[in-house]
Number of protein chains: 2
Amino acid sequence: MPTIKDVAARAGVSTATVSRVLNGEKVKEETEKKVIAAIEALGYRPNHIARSLKTQKTQTIGFVVPDFGPFFMQVAEVVEDILNSYGYSLIVCNSNENPAREKERVRMLVEKQVDGLLVVPTSDTASHLREIQQDGTPVVLVDRMVKDMQVDCVLVDNVNGAYQAVEHLVTLGYRRIGLINGRLEVTTGEERYRGFLRVFEDYNLPVDEGLIRTGDFSTESGYTLMKELMGLPDPPPAVFVANYYMTIGAMLAINELGLKIPTDFALVGFDDMELTRLANPPLTAVVQPLQEMGEKAAELIYKRVGGDNTGFPQMYRLKPELVIRHSTSPFWKTKNLEVV
Amino acid sequence: MPTIKDVAARAGVSTATVSRVLNGEKVKEETEKKVIAAIEALGYRPNHIARSLKTQKTQTIGFVVPDFGPFFMQVAEVVEDILNSYGYSLIVCNSNENPAREKERVRMLVEKQVDGLLVVPTSDTASHLREIQQDGTPVVLVDRMVKDMQVDCVLVDNVNGAYQAVEHLVTLGYRRIGLINGRLEVTTGEERYRGFLRVFEDYNLPVDEGLIRTGDFSTESGYTLMKELMGLPDPPPAVFVANYYMTIGAMLAINELGLKIPTDFALVGFDDMELTRLANPPLTAVVQPLQEMGEKAAELIYKRVGGDNTGFPQMYRLKPELVIRHSTSPFWKTKNLEVV
DNA sequence: CTGAAAGCGCTAACAG
DNA sequence: CTGTTAGCGCTTTCAG
């Protein structure tokens, strides 16, 4: 591999001059030509490592996600595209929905000297993130927030998303509505729970605590909890599942039990991957703006690593949308006509 | 950030000594203690960039995948785990199933000085990969191979996978079998095509070229091609879809057309994500050993970056498995009882 | 407008 | 067993 020194020698200039043309600084046009010729002749490529050592910048952003599933990978994909277009590269790491492992991954990224960090926190306390931020690495939180930290974040309005879902069910005539939710220590779990409750409040309806289940966002827990709910002496005629993987698990359980939707009961899911549309019947679901989420996150971290701190701490609240398909129908149409 | 110099000063030793304890070389126990104390007191963390500049190693592996979907992300997940356990980190990049973009991503990784490269090639010619390999960066191909290149690779026995699927259909009594396949310039497409044909050969059956469709591995093309097949004057009573995304697309089309599986016709899909099990009915499908694929790829590249070239070029051929579920039933049971 | 020279933080001979 | 020293390849004052 040729170095800047070889280029300088070949062009008959100093390394400083080569460095200048490399960085687009002003040099005499003639000199520039010579340098460029030398670069091409030698097939020279700058050494990023050396550059980083000197400039203390790596042109790299880290992104810690809780899983490599379709939801976060779709946002990662748009983040990567945008960041690439700005000359940055992205390292995506998996925290496995595990705070200890998240800490580990974050540490690794910081040691790799990423210029900025995107993270989907796995718990609501994140002192390690605060420290990193204070040490000068911009951090932006994605999809979830943490307590006690001034930090940029791009979130979805989960209260509103859950609200729409449950309100839809109420409007259809359901009163006894089950909830399968994720951990309450993470924003999305907590907010969706609040959205659920708020509907009952606003409609002045009693909430049956016995119909609420809290899992860990995984397919397995969606499966188990749905079976639990259906195993109740008096199972709810409608269920809202507040996360994608749990929705998959719940459907698995339903299929196994041989229940028919929406005849036997109504289901509202979360997120809109192939599955939701392919299910039988296609699922009514709250869909989140993944594309926009990725865009906002990418643009924001880019701005921050560029030293622009306007609006800090910035908080985006993106709007989810309820897409009504065929897994919900009016209560009176279900077979289950018991009095509520 | 404290440097090795600060540590040396504080411990009253030279930077060389500090470097030695950092790298686990032998030093007097007492000296080691002093150094460690200084490191902890200062909260010192080695600077990877500086180290990389000196050693020409980054402890990083690049992985170029054609998409961020569940199939490749599942292998990426196991690769990351294993590599992390060896002290390496992984940068996953998306080539978007596009050769030009693949080249770009590979170049970026090489410029970032990854120690090794895992790639799922998007076409069967890959001169850029050969160059990189010759320049000394180990390359291992995953899931697909290329022509004219001596290179390690971990592949699935696709001929066999497709064979099992189609043979299953033949055994059930089907003769007119449709194929929805991916691009033939990529190994998986080409091999699955061969597997399909070989069944007809072995069973001495005529193949109807009019029932074969070639798409681009995407959900959209699976959808379009399935509709095309079903729009034929005499649509095939059984179809084998040779890739995950296309399977999704095909099912979407089937649902829209209101066709019933396996009563109206039989379907064998590829890969085994949630969808396959959740579909209605659960899909008979060829399932690939993702876990093993990730393990083999990770261990192999690790071995290579460690300078161990035994067995080069190594080729793994992992065995897929046909999982029979409910989307296929004997031909005589289908409504479509025309003579073949 | 360009060159000389001093590092960025670390490792690896080479000496002692 | 430990210290001295010379870089890795690049950027960036500071002079000229």
Side-chain angles (χ1 to χ4, degrees), chain A residues 1-39 42-60 87 108 110-115 135-137 307, chain B residues 1-39 42-60 87 108 110-115 135-137 307:
Chain A
M1 280 280 114
T3 76
I4 201 175
K5 229 167 174 170
D6 302 316
V7 176
R10 171 134 190 170
V13 299
S14 75
T15 60
T17 300
V18 177
S19 174
R20 286 184 185 110
V21 344
L22 251 27
N23 294 290
E25 290 170 40
K26 251 231 111 20
V27 292
K28 210 202 295 173
E29 193 170 332
E30 190 193 320
T31 337
E32 178 164 2
K33 278 215 175 78
K34 284 191 301 187
V35 173
I36 292 184
I39 288 176
L42 297 170
Y44 167 80
R45 313 260 81 215
N47 180 322
H48 290 209
I49 309 272
R51 180 177 286 171
S52 293
L53 180 57
K54 186 67 192 177
T55 60
Q56 312 281 24
K57 304 239 152 297
T58 52
Q59 302 285 102
T60 302
M108 181 226 93
V110 169
E111 292 197 350
K112 268 212 146 50
Q113 334 261 70
V114 292
D115 295 341
D135 290 353
T137 305
Chain B
M1 279 281 113
T3 76
I4 201 175
K5 232 170 176 167
D6 302 315
V7 176
R10 171 133 189 169
V13 298
S14 74
T15 60
T17 300
V18 177
S19 174
R20 284 183 187 111
V21 343
L22 251 25
N23 294 291
E25 290 169 40
K26 256 233 108 17
V27 292
K28 209 202 295 172
E29 194 170 332
E30 190 193 321
T31 337
E32 177 164 0
K33 279 214 174 80
K34 284 192 300 187
V35 172
I36 293 186
I39 288 177
L42 297 169
Y44 166 81
R45 312 260 83 215
N47 180 322
H48 289 208
I49 309 272
R51 179 178 287 170
S52 293
L53 180 57
K54 184 65 190 180
T55 60
Q56 311 282 22
K57 304 241 153 293
T58 53
Q59 303 284 104
T60 303
M108 182 226 93
V110 170
E111 292 198 349
K112 268 212 146 51
Q113 334 261 68
V114 292
D115 296 339
D135 290 353
T137 305

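Order of the sequence lines fixes the chain letters, A, B, ..., with proteins taken first and strands second; residue numbering starts at 1 for each chain. Note that the structure is a prediction, hence the values are computed from the model and not measured.
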(request) Take atom CG of B/Leu22 and atom P of C/dT11, then tell me their distance rounded to the nearest Å. (result) 6 Å
(request) Kindly compute the distance separating CZ (A/Arg20) from CD (A/Glu32), expressed to the nearest 0.5 Å. (result) 13.0 Å
(request) Could you pull out the closest heavy-atom pair between B/Gln56 and B/Asp115, with the gap in Å? (result) O-OD1, 4.4 Å
(message) Of all nucleotides in DNA chain D that come within under 4.0 Å of a heavy atom of chain A, which is furthest toward the 5' end and which toward the 3' end?
(response) D/dG9 to D/dT13
(request) Take atom CG of B/Asp6 and atom C1' of C/dC10, then tell me their distance rounded to the nearest Å. (result) 13 Å
(message) Counting the atoms with a prime plus P, OP1 and OP2 as sugar-phosphate, which does A/Thr3 contact under 4.0 Å by heavy atoms, base, sugar-phosphate, or nothing?
(response) sugar-phosphate
(request) Would you check if B/Leu22 and B/Ile39 make a side-chain contact, meaning some heavy-atom pair closer than 4.5 Å? (result) yes
(request) Please state how far atom NZ in A/Lys33 lies from atom P in C/dT2, giving the value in whole angstrom units. (result) 13 Å
What nitrogen or oxygen pairs link the protein and nucleotides 3-5 of chain C at under 3.5 Å?
{"residue": "C/dG3", "atom": "OP2", "partner": "A/Ser14", "partner atom": "N", "Å": "2.9"}
{"residue": "C/dG3", "atom": "OP2", "partner": "A/Ser14", "partner atom": "OG", "Å": "3.3"}
{"residue": "C/dG3", "atom": "OP2", "partner": "A/Thr17", "partner atom": "OG1", "Å": "2.6"}
{"residue": "C/dG3", "atom": "N7", "partner": "A/Arg20", "partner atom": "NH1", "Å": "3.3"}
{"residue": "C/dG3", "atom": "O6", "partner": "A/Arg20", "partner atom": "NH2", "Å": "2.5"}

(message) Within this structure, what is the OG1-CD distance for the pair A/Thr137 and A/Gln113, rounded to the nearest 0.5 Å?
(response) 8.5 Å
(request) Hey, which sits more toward the 5' end of DNA chain D by its nearest nucleotide, A/Tyr44 or B/Lys26? (result) B/Lys26
(request) Please name the pair of heavy atoms, one in A/Ser14 and one in A/Ala8, separated by the smallest distance, quoted to 0.1 Å. (result) C-CB, 3.7 Å
(request) Could you grab the distance from atom CD1 of A/Ile4 to atom CG of A/Leu42, nearest 0.5 Å is fine? (result) 12.0 Å
(message) Counting only heavy atoms and a strict 4.0 angstrom limit, can you tell me which residues of residues 46-54 of chain B come near DNA chain C?
(response) B/Pro46, B/Asn47, B/Ala50, B/Arg51, B/Lys54
(message) Can you tell me how far apart CG (A/Leu53) and CZ (B/Arg51) are? Round to the nearest 0.5 Å.
(response) 13.0 Å
(request) Working to the nearest 0.5 Å, report the span between OG1 of A/Thr17 and NZ of A/Lys28. (result) 10.5 Å
(message) To the nearest 0.5 Å, what is the distance between OG1 on B/Thr58 and NE2 on A/His48?
(response) 12.5 Å
(request) Specify the closest pair of heavy atoms between B/Ile49 and A/Lys112, including all atoms of both residues, with the distance to one decimal. (result) CD1-O, 4.3 Å
(request) With salt bridge (charged side-chain N to carboxylate O under 4.0 Å, His left out) as the test, would you mind laying out the steps for A/Glu29 and A/Lys33 before giving the verdict? (result) CA-CA 6 Å; A/Glu29 193 170 332; A/Lys33 278 215 175 78; 3.5 Å; yes
(request) Starting at atom CD of A/Glu111, determine the distance to atom C1' of C/dG9, rounded to an integer number of angstrom. (result) 14 Å
